[in-house]
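One structure below.
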Amino acid sequence: MEEMGHYNVGFGLDGKGVGESDPEVAELLKRELDRQSSTLQLIASENFTSPAVLAAMGSVLTNKYAEGYPRRRYYGGNTVVDEIEELARQRACALFGAEHANVQPHSGANANLAAYMALLEPGDTVLAMRLDQGGHLTHGSPVSITGKTYRFVSYGVNPITEMIDLDQVADLARAEHPKLIVAGATSYPRVIDPRPFREIADEVGAFLMFDAAHPAGLIAGGVHPNPVGLADVVTFTTHKTLRGPRGGAILCRAELAKAVDSAVFPGLQGGPLEHVIAAKAVAFGEASKPDFREYARQVLVNTSYLAQSLAEEGFRLVSGGTENHLMLLDLRSFNADLTGKQAQEALDLAGITCNRNQIPGDPRSPFVTSGLRIGTAAETTAGMKETEMAQIARVISRVLAHPEDRDVLLEVREEVKQLCAKFPPYPTDSPLPGIGQAVSKSLED
Ligand SMILES: Cc1ncc(COP(=O)(O)O)c(C=O)c1O
């Protein structure tokens, strides 16, 4: 059993189990755990999964081939896997109130591509958000297969309010007759209300897809409007605010289930990652608990508190605020010469991890940018609240006031380390649970 203990501990938590046979990889896992535990994780699309989610991902399910869907597989030996995938589908449907769920997409990009394949023919017109104003690569970038396969037309934000310009969406929909309208974004700090998009889609006879990659956890936690029932198809990632394993999923009405399922497999993917699907099931279970509603509420509180504190330090907030888990800072109001690239690099040296981002109408290129995107989903999971948000605003401001002063960067790095030590995402002094224990504990809580 001693051996089994080591084996379990190695399931993604600290590399000890891997270390039994591969010290080189184990050392790298350990270093990454240290990095995630001792620096601030403010990338808006990241989170810390529970030990149960990690354990399910590190399970024997990775050994199983299961092409097809529950009770319709191409290989034998899928009795248990069928139950796992069915459970994940049922939990996803229950969590979001959907008629059908496909939990196989390996990523958010695959989920989007599958949704397009289910609804469109190559060359069809799609209306989606512009990339430089918040949209995602899979919303028609010319370098993405999506932009190469379909004819994308883009809407953006109102230049004054920096919020989605619904009049422009309606005008473009009337002029271009898209077969599909996509709502959803990757760097947009506001609520995206599915209702006006549904009205516009109905007026022009288009399908509506809601890409909930970012707000999925906020929707599940009841603090953002649920697009299920309004959008024909809802795609999302399971690893951002939803706090599950890295992956994607699709929700739709029963009548679209066959088209969506065949688009994912055999249309786009081969064998599903059943270990990840088990981890998705665990995450859906966790997200259905009252604790998760509290988490989603605290994410909004923390983000708005951090945004307000940064505004007081002199940073302009794109759109004047935030209503979700992220904010976009316009650095020019703080220092006209400071670029997003310099800011990201200085913050990285000081132990604060976030990403540069273009802001609407940015005169600088996507590699340089005038903005920073900051999110609170991960550190809220670690337990940080308003007091810590105030401290984070102070350290960000201090670094960006002295981005080239190594002494300041080292001092802040030490302060950040001390702060993070109080909120370890995976406490190392507590016994690390094995697979069964971790999963059943998370379901009991
Ligand atoms: C809006 C949106 N859609 C899709 C994706 C793609 O997700 P993935 O990185 O899992 O492919 C992202 C990821 O950032 C996103 O923000």
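Atoms within a ligand are numbered from 1 in the order they appear, just like the ligands themselves. Numbering of residues begins at 1 and proceeds along the displayed sequence.
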*Output the set of protein residues with a heavy-atom contact under 4.0 Å to ligand 1, ordered first by chain identifier and then by residue number.*
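For ligand 1, the contacting residues are Ser107, Gly108, Ala109, Asn112, His136, Ala185, Thr186, Asp211, Ala213, His214, Thr237, His239, Lys240.
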
_Looking at Tyr295, I'd like to know if the NZ or CZ of Arg243 sits under 6.0 Å from its six-membered ring centre while staying within 45 degrees of the ring's axis._
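Checked: cation-pi criterion met.
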
*Can you name the residues that form a side-chain contact (heavy atoms from CB on, under 4.5 Å) with Glu386, not counting sequence neighbours?*
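Scan of Glu386 (side-chain contact (heavy atoms from CB on, under 4.5 Å), adjacent residues dropped) gives Gln298, Val301, Asn302, Tyr305.
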
_For Tyr188, all residues meeting ring pair (Phe, Tyr, Trp, His ring centres under 6.0 Å), sequence neighbours excluded_ =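 Checked Tyr188 against ring pair (Phe, Tyr, Trp, His ring centres under 6.0 Å); zero matches.
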
_Given Thr138, which partner from the list Thr146, Thr235, Val182 fulfils the side-chain contact (heavy atoms from CB on, under 4.5 Å) test?_
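Only one of Thr146, Thr235, Val182 forms a side-chain contact (heavy atoms from CB on, under 4.5 Å) with Thr138, namely Thr146.
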
*Could you tell me how the ring of Tyr65 sits relative to the ring of Tyr75: parallel (under 30°), tilted (30 to 60°) or perpendicular (over 60°)?*
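Correct class here is perpendicular.
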
*Pairs touching residues 154-165 that satisfy side chain to side chain donor-acceptor pair (under 3.5 Å), sequence neighbours left out*: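 Passing the test, one end in residues 154-165: Glu162-Arg316.
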
